[in-house]
Amino acid sequence: MSAPAQRPATAGARPERSRRALVAGSVGNFIEWYEFGVYGYFATIIAARFFTPEGGSEVEALVRTYASFALAFFFRPVGAALFGRLGDRIGRRPVLILVIGLMTGATTLIGALPTYDTVGALAPWLLTFLRILQGLSAGGEFGGAVAVMTEFAPPGRRGLYGSWQSFTVALGLLGGAGAAALLATVLTEAQLADWGWRLPFLLTLPMGLGALWLRLRLEETPAFSRERALERQSPPTGEVVRAVALGAGRIMGWAAAGYTFLVVLPSYLQSTLDATFQQALIATVLANLGFAATIVPAGLLSDRVGRRPVMLSGALLVVVLAVPLLNLLQDPGVSNAVKGAAVFAAGAVVGLMAGPGPAMLSEMFPTTVRYTGLGLAYALSNAVFSGCAGLIITETVERTGNVDIPAYYAAATCAVSVLALAAAPARGGKRKAG
């Protein structure tokens, strides 16, 4: 489904309004992915503190930790539908204020939770409940943030503005990795496992208050204000559902490969390749640097040549390179410099999909269902292929002993995205929609 031809959504918008919308939309994504990154980076510690009763195995605890991780992702479509519907009815601004408050509160409370040693079996249930709240708020974040960024974007710049959503994802993951690396450097392993892991979660509180202040100053988008004044009818439900399914397929590879290379990698390196916590974090930082380096250029390029060619390039590169890159990490004879280049390249090819992705999804839906439609497409794809990545990879490697599973997973999902991107015409940056 494509949006009907209308005059540019940002006609008459002042540049400062566009920049303010860009910052206010981006900051929530940063916090969301900072937290998800921190949870992934500290997965082995969280497993020991919350999911390992006396006598339980480390692998079993890690699987349970990733199950909690996946559960939060499966509540994202619920949040996307709930908050997206509100955002398409009452406006982008009030809903984005609500979701940043919910995300900040839930994340901060994780840092204050009692562990299994203190409250027993109640600990994993409390953690899972907060993860559910995070999933709901995260589901409502993406659709609103991308709608705000692209609806305020100057004509011909939707790809560039939308890419900032993905760029702040990279910044959030890097921020989480940086916080974890700093703590691992200044604290002993015992201190990190005892109380140091809490600090990155508690840091979310001041960041969230800053984001709330920015969103309180945000104006409603011109596109939504115009549609509400015109009382334009929404498209048929079946048409929206088909567009959601197609959009989810197009970003499947981005979701799966992104989480495999950028979040699951530390635990995989530690549990499968016997890397130290510091070595795993360094590899993750390099992967996220590669991811960040290509996102904005890819979004800008998509404004010139269209979304589909850029995203197809990234998906095809993952299909071809996933196994060789992982084999380099597994080879003890390969230098650390080459391994560093391999993880940097892995992140970079994911960035080619992530840069144009938000604008592509935004252009698939008209204003009246944009918050809901693009949010659901993103949330469904991430629920299945990001949220389950750690669980699928860890469990499959454990059962089969095949250490190439992460590469196969990333390559297979990107192959499906190639088919989805090639199956139907994708709207490029040269056409405009409301």
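Start at 1 with the first residue, then count along the sequence.
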Heavy-atom side-chain contact between V350 and W254 under 4.5 Å: yes
Backbone N/O of G159 and side chain of D303: donor-acceptor pair under 3.5 Å: yes
Shortest non-hydrogen contact from G84 toward Y371: CA-CD2, 3.4 Å
Separation between CZ of F261 and CG of L326, rounded to the nearest 0.5 Å: 7.5 Å
Check: T284 and L262 side chains under 4.5 Å, non-hydrogen atoms: no
Whether F30 and Y34 hold their rings parallel, tilted or perpendicular, with breakpoints at 30° and 60°: parallel
Heavy-atom pair of closest approach, residues Q165 and M149: N-SD, 3.8 Å
Over 12 foreign heavy atoms within 6.0 Å of CH2, W125: no
I100 vs L214 side-chain heavy atoms within contact, under 4.5 Å: no
Which atom of I405 lies closest to which atom of I393, heavy atoms considered: CG2-CA, 4.2 Å
More than 12 heavy atoms of other groups within 6.0 Å of N336 CG: no
Side chain to side chain contact (heavy atoms under 4.5 Å, CB included) evaluation trace for L96 with E141: CA-CA 6 Å; L96 283 175; E141 171 67 32; 4.2 Å; yes
S137 versus V99, closest heavy-atom pair with distance: CB-O, 3.6 Å
4.5 Å side-chain heavy-atom contact, R370 and L361: no
Donor-acceptor contact below 3.5 Å, side chain T168 vs main chain V27: no
Close side-chain approach of L212 to T104, heavy-atom, < 4.5 Å: no
R308 CZ to S313 OG distance, which is reported to the nearest 0.5 Å: 12.0 Å
Donor-acceptor under 3.5 Å (Y378 side chain, A255 main chain): no
Derivation of the side chain to side chain contact (heavy atoms under 4.5 Å, CB included) call for L109 and L113: CA-CA 6 Å; L109 285 174; L113 278 181; 5.7 Å; no
R76 (side chain) donor-acceptor with G135 (main chain) under 3.5 angstrom: no
Reported CZ-to-CG distance for the pair F291 and L286, which is rounded to 0.5 angstrom: 15.0 Å
Short side-chain to backbone donor-acceptor contact, T107 and F201, under 3.5 Å: no
CD1-CG distance between I31 and L171, expressed to the nearest 0.5 angstrom: 12.5 Å
Spacing of CG belonging to L374 relative to CE belonging to M364, to within rounding of 0.5 Å: 10.0 Å
Contact summary for S381 and M252, nearest pair of heavy atoms: OG-CA, 3.3 Å
Shortest non-hydrogen contact between R250 and S417, atoms and distance: O-OG, 3.3 Å
Separation of S302 OG from M360 CE (nearest 0.5 Å): 10.5 Å
Donor-acceptor contact below 3.5 Å, side chain R49 vs main chain A193: yes
Donor-acceptor pair between T372 and R85 side chains, under 3.5 angstrom: no
Residues M353, I251; criterion side chain to side chain contact (heavy atoms under 4.5 Å, CB included); working and verdict: CA-CA 8 Å; M353 295 180 282; I251 65 169; over 6 Å; no
Side chain proximity check, I110 to R131, heavy atoms < 4.5 angstrom: yes
Donor + acceptor pair across side chains of S362, T150 (<3.5 Å): yes
Min side-chain heavy-atom separation L192-I45 under 4.5 Å: yes
L174 vs L289 side-chain heavy atoms within contact, under 4.5 Å: yes
Evaluation steps, side chain to side chain contact (heavy atoms under 4.5 Å, CB included), between F83 and L102: CA-CA 12 Å; F83 293 117; L102 184 60; 4.3 Å; yes
Parallel, tilted or perpendicular: rings of F50 and W197 (30°, 60°): perpendicular
E189 atom CD, over 12 foreign heavy atoms within 6.0 Å: no
